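Only this structure's heavy atoms are used, side chains among them; waters, hydrogens and symmetry mates stay out. Along the sequence shown, residues are numbered consecutively beginning with 1. Remember, it's a predicted structure, so these values are computed and weren't measured experimentally.
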Amino acid sequence: MNADKGSDNHLPHHLSIIMDGNGRWAKQKKIPRVMGHKNGIDATSNAIEFCLKENIAVLSIYAFSSENWQRPKNEVRLLMGLFLDAIDKHAKQLHINNVKIIFIGDISVFQDPLKEKIKKLTKLTKNNDKLILNIAMNYGGQQEIIIAVNKILQENKHKKITIEQFDKYLDLDQIAKPDLLIRSGGERRLSNFLLYHLAYTEIYFSDILWPDVDDKVLYDACDFYKTRQRRYGKIAQQITANN
Ligand code: IPE
Ligand code: IPE
Ligand code: MG
């Protein structure tokens, strides 16, 4: 592990975001929850622009959790429609902006039109290299670990496994772990996002509801990150001696 990375006034290399608070944003405005999700997509576009502008290499966003299926049927249906629309609206520009899009989570359960768009977008952008955008859809951190374990059992190749080998079975295979996690919307929990990968991630909680998250909030989070000393179990003097 790279013990000094992030302690030297750098922006995060890999930013991850739990985009929460769309429903409460809509409730405050006395408008339907779906309008919160719609405006949330604009905030997501802005966060992608932010990463492009600031040369952040990887952005991982939580769009729909494995547990979100338990929401009222109508909200789930409207959300699926918004995902379709969002891909239609933004795919071309994301490709022009040299963004490589990877979907993590189990997309096999989505209806065919959405599944097709996801596959097409993944294929279209697969050689892009300015920003890697991981979109977690029907994703759960526990599920990701269990899927990996089941693959290993099925292969029956390993009697014992190292962290490096295990990493290869996970969805974020070969991509450096998140340096910073932002959760908007005031909750202070992980809600099953990237459980394995967040082991040494710095965490920034903001009370701002996701549709209101703008550059100011993102810069505040990055400023917080710059103040952190990442020790990875060592003591402070060992880290400063390296700099
Ligand atoms: C996050 O906003 C979006 C999804 C989970 C899809 P929420 O819909 O959870 O918003 P709140 O937490 O109810 O305000
Ligand atoms: C986490 O938010 C999932 C996404 C942001 C996609 P939730 O709103 O589902 O989380 P809980 O239920 O408050 O923990
Ligand atoms: Mg929520």
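Scored by the side chain to side chain donor-acceptor pair (under 3.5 Å) test, Asp42 finds no partners at all (sequence neighbours excluded). The ring pair (Phe, Tyr, Trp, His ring centres under 6.0 Å) check on Tyr196 picks up Phe166, with sequence neighbours excluded. For Phe64, the ring pair (Phe, Tyr, Trp, His ring centres under 6.0 Å) partners are Trp69, not counting sequence neighbours.
A donor-acceptor pair shorter than 3.5 Å can be found between the side chains of Glu67 and Gln143. Judged by distance alone, the side chains of Asp179 and His14 never bring a donor and an acceptor atom under 3.5 Å apart. In the model, Glu155 has a side-chain atom that pairs as donor or acceptor with a side-chain atom of Tyr169 under 3.5 Å. Side-chain contact, Gln93 with Asn97: a donor N or O sits under 3.5 Å from an acceptor N or O. A donor-acceptor contact under 3.5 angstrom links the side chains of Tyr225 and Arg230, judged on distance only. Side-chain atoms of Asn22 and Lys38 include no donor-acceptor pair closer than 3.5 Å.
With hydrogens and angles ignored, the 3.5 Å screen pairs no side-chain donor or acceptor of Thr125 with any backbone N or O of Lys100. Remark: side-chain polar atoms of Asn138 are paired, donor with acceptor, to backbone N or O of Asp106 under 3.5 angstrom. Side-chain atoms of Asn192 come within 3.5 Å of backbone N or O of Gly141 as a donor-acceptor pair. A distance-only check finds a donor-acceptor pair linking the side chain of Trp210 to the backbone of Gly40 [under 3.5 Å]. When atom types are taken as modelled, the side chain of Arg189 and the backbone of Glu187 share no donor-acceptor pair closer than 3.5 angstrom.
More than 12 heavy atoms of other residues, nucleotides or ligands lie within 6.0 Å of NZ in Lys53, so this atom counts as buried by the packing criterion.
Under the 4.0 Å criterion applied to side-chain N and carboxylate O atoms, Lys117 and Asp88 are assigned as salt-bridge partners. Electrostatic pairing of Lys177 and Asp167 counts as a salt bridge here, judged by a charged N lying under 4.0 Å from a carboxylate O.
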Derivation and outcome, side chain to side chain contact (heavy atoms under 4.5 Å, CB included), residues Phe110 and Met80: CA-CA 9 Å; Phe110 292 121; Met80 294 301 141; 3.6 Å; yes

Full working for side chain to side chain contact (heavy atoms under 4.5 Å, CB included) between Gln70 and Val76: CA-CA 8 Å; Gln70 298 170 72; Val76 171; over 6 Å; no

Criterion side chain to side chain contact (heavy atoms under 4.5 Å, CB included) on Ile17 and Leu181, from CA distance to verdict: CA-CA 6 Å; Ile17 311 182; Leu181 170 74; 5.8 Å; no

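The side chain to side chain contact (heavy atoms under 4.5 Å, CB included) test with Ile203 singles out one residue from Ile182, Leu198, Leu190, and that residue is Leu190. Between Phe50 and the options Leu218, Asp214, Val217, a side chain to side chain contact (heavy atoms under 4.5 Å, CB included) holds for only Leu218. A side chain to side chain contact (heavy atoms under 4.5 Å, CB included) with Pro178 holds for exactly one of Thr201, Val58, Leu59; it is Thr201.
Leu209 and Tyr62 fall into different hydrophobic clusters, defined by Ile, Leu, Val, Met, Phe, Trp and Tyr side-chain heavy atoms under 4.5 Å apart, directly or through other members. Each of Leu78 and Leu114 belongs to its own hydrophobic cluster when Ile, Leu, Val, Met, Phe, Trp and Tyr are linked at side-chain heavy-atom distances under 4.5 angstrom. Transitive grouping of hydrophobic side chains (ILVMFWY, heavy atoms separated by less than 4.5 Å) brings Phe205 and Leu195 into a common cluster. Ile163 is connected to Ile145 through a chain of hydrophobic side-chain contacts under 4.5 Å among Ile, Leu, Val, Met, Phe, Trp and Tyr, so both are in one cluster.
You'll find the side chain of Ile239 stays beyond 4.5 Å of the side chain of Tyr232, heavy atoms only. Taking the side chain as every heavy atom from C-beta outward, Ile102 and Thr122 never approach each other to under 4.5 Å.
Stacking of Lys27 on the aromatic ring of Trp25 is not recorded, the 6.0 Å distance cut-off and the 45° axial limit not both being met.
The NZ atom of Lys119 lies 11.5 Å from the NZ atom of Lys123; values are rounded to the nearest 0.5 Å.
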